2 protein chains.
Amino acid sequence: MILQKKKTFNDFAAAKGLRSTRQRDVILDMFLSTHQHVSVEDLYLKVKASHPGIGYATVYRTLKLFAESGLAREILLHDGQTRYEHVLAGEHHDHLVCTGCSAIIEFEDATIEKLQEEIALRHGFQIRSHKMEIYGLCADCSAKGQA
Amino acid sequence: MILQKKKTFNDFAAAKGLRSTRQRDVILDMFLSTHQHVSVEDLYLKVKASHPGIGYATVYRTLKLFAESGLAREILLHDGQTRYEHVLAGEHHDHLVCTGCSAIIEFEDATIEKLQEEIALRHGFQIRSHKMEIYGLCADCSAKGQA
DNA sequence: GTTTGAATGAAAATGAATATCAAAAGCACA
DNA sequence: TGTGCTTTTGATATTCATTTTCATTCAAAC
């Protein structure tokens, strides 16, 4: 699966005539080894730990490339930092975001996806991607709120 | 309806012990007279036209208050500017965002809302609000793309 | 009116993201 | 394996939205 993703990016890079560099390999490895929703800062620190030479700007640039290649997706939450999440082929997952503890729970619902397509059709709209976030309190936080 | 909204905010202000000021009245009027998705910049310019004395920071602060009061909601698109939209009581509307011409089409779907509630329930999650954006090409842009 | 603390406006500060540019590195070709 | 050309990089400066600061103004309770 990781190999498949590397291939996705390499194909994209080849098609765009991008050069293959050590830095991009490292950042790709690191990105693939993370869990969901890495901020640029997060990834930069992770990268710097083992490769101190790699700069901030390169991480920014490279993550934008990942997004362009379809490997990653930018998510805007409300903390002013762009985060990147993995795009698993053909899979859309959406988020429950806890406003108490900032926990993010992922979910997926095929019916909602279907309905989205219907809505798009009704408006003559061609879907490229979508994003859904539900804000509220997670089970823990709403339990704490009661106590 | 506009009166109802003013009341919403005034109630909120009263409950929070906020003072009623000329600036907030003006900004509220201006906000209510806009259509969807005003950026702070937009509203600031609109306000400044008739009330040159009112400052940038006040518009920022006031819009945040509107959001807190439930009157408005922050939307993050991908252009680096926070926008505010009207929250109509009890109504959730979501967006089709055209990546070609930046047009925003609104829609509403009761079934999706229901499904969201089910999903939240399944995770013990209490919904406060939600946001759904579908990205792609609007009818015009995809027609142009063909041509 | 006086008093008191919140609200304002102008300007400075912050912070994420992007641009700049000289130096380094990839890649095609000899 | 070098040569030349172009992309990429890293450090830094810059931009731009948003937030903070702080002295002044103003709302509202007494």
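Naming: A, B, ... by sequence-line order, numbering from 1 per chain. On a predicted model such as this, the values are computed, not experimentally measured, just so you know.
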(request) Could you state the atom-to-atom distance from CD of A/Gln81 to P of D/dT18 in whole Å? (result) 15 Å

(request) With sequence neighbours left out, write down each residue that passes side chain to side chain donor-acceptor pair (under 3.5 Å) with A/Asp11, or none if nothing qualifies. (result) A/Lys7

(request) Could you list the residues that satisfy side chain to side chain donor-acceptor pair (under 3.5 Å) with B/Glu133, not counting sequence neighbours? (result) A/Lys131, B/Tyr135

(message) If the condition is side chain to side chain donor-acceptor pair (under 3.5 Å), which residues does A/Asp25 pass it with, not counting sequence neighbours?
(response) none

(message) Checking B/His123 now: which residues fulfil ring pair (Phe, Tyr, Trp, His ring centres under 6.0 Å) with it, not counting sequence neighbours?
(response) none

(request) Starting from the first five and the last five pairs of the helix from C/dG1-D/dC30 to C/dA30-D/dT1, work out the angle between the resulting helix axes, to 10 degrees. (result) 30°

(message) Rounded to whole Å, how long is the line connecting atom CD of B/Glu41 with atom C1' of D/dA17?
(response) 9 Å

Considering only distance and modelled atom types, tabulate donor-acceptor pairs under 3.5 Å from the side chains of residues 52-70 of chain A, sequence neighbours left out.
from	atom 1	to	atom 2	distance (Å)
A/Tyr56	OH	A/Glu41	OE1	2.3
A/Thr62	OG1	A/Thr58	O	2.6
A/Lys64	NZ	A/Glu74	OE2	2.7
A/Glu68	OE2	A/Lys16	NZ	2.9
A/Ser69	OG	A/Phe66	O	2.8
A/Ser69	OG	A/Leu71	N	3.3

(request) Take atom CG of A/Leu63 and atom P of C/dT18, then tell me their distance rounded to the nearest Å. (result) 11 Å

(message) Assess, by modelled atom type and distance only, whether the side chains of B/His130 and B/Asp94 contain a donor and an acceptor separated by less than 3.5 Å.
(response) yes

Under 3.5 Å, which donor-acceptor pairs link side chains of residues 27-34 of chain A to any protein atom two or more places apart or in another chain?
from	atom 1	to	atom 2	distance (Å)
A/Asp29	OD1	A/Lys6	NZ	2.6
A/Ser33	OG	A/Met30	O	2.9
A/Thr34	OG1	A/Phe31	O	2.6
A/Thr34	OG1	A/His86	NE2	3.3

(message) Measuring to OP1 and OP2 of D/dT19, would you say a side-chain N or O of B/Lys64 lies under 4.0 angstrom away?
(response) yes

(message) Nearest whole Å is fine: how far is C/dT18 C1' from A/Leu65 CG?
(response) 14 Å

(request) Please list residues of residues 26-35 of chain A whose heavy atoms come under 4.0 Å from any atom in DNA chain C, ordered by number; otherwise none. (result) none

(message) Distance check needed: C/dA16 C1' versus A/Leu43 CG, whole Å only.
(response) 16 Å

(request) List in chain and number order the residues that pass ring pair (Phe, Tyr, Trp, His ring centres under 6.0 Å) with B/His51, two or more places apart in sequence or in another chain; answer none if no residue qualifies. (result) none

Under 3.5 Å, which protein N or O atoms sit close to an N or O of nucleotides 7-14 of chain C? Give each pair with its distance.
from	atom 1	to	atom 2	distance (Å)
C/dA7	OP1	B/Arg19	N	3.3
C/dA7	OP1	B/Arg24	NH2	2.9
C/dT8	OP1	B/Thr21	OG1	2.8
C/dT8	O3'	B/Gln23	NE2	2.8
C/dG9	OP1	B/Gln23	NE2	3.4
C/dG9	OP1	B/Gly53	O	3.1
C/dG9	OP2	B/Gly55	N	3.1
C/dG9	OP2	B/Thr58	OG1	2.5
C/dG9	N7	B/Arg61	NH2	2.6
C/dG9	O6	B/Arg61	NH1	3.4

(request) Compare side-chain N and O positions of B/Ser20 against OP1 and OP2 of D/dA28 and report whether any pair is under 4.0 Å apart. (result) yes

(request) Dump the intermediate steps for side chain to side chain contact (heavy atoms under 4.5 Å, CB included) on B/Tyr84 and B/Leu43, then the final yes or no. (result) CA-CA 10 Å; B/Tyr84 287 84; B/Leu43 194 63; over 6 Å; no

(message) Would you say B/Tyr60 places a side-chain N or O within less than 4.0 Å of OP1 or OP2 belonging to D/dT19?
(response) no

(request) Nearest whole angstrom, please: distance from the P of D/dA17 to the CG of B/Asp42. (result) 11 Å

(request) Considering only Ile, Leu, Val, Met, Phe, Trp and Tyr, and joining two whenever side-chain heavy atoms are under 4.5 Å apart, list the other residues clustered with A/Leu76. (result) B/Leu76

(message) Whole angstroms only, please: what is the CG-C1' distance between A/Leu76 and D/dT18?
(response) 15 Å

(message) Suppose we screen for side chain to side chain donor-acceptor pair (under 3.5 Å). Which residues come up paired with B/Arg24, at least two apart in sequence or across chains?
(response) none

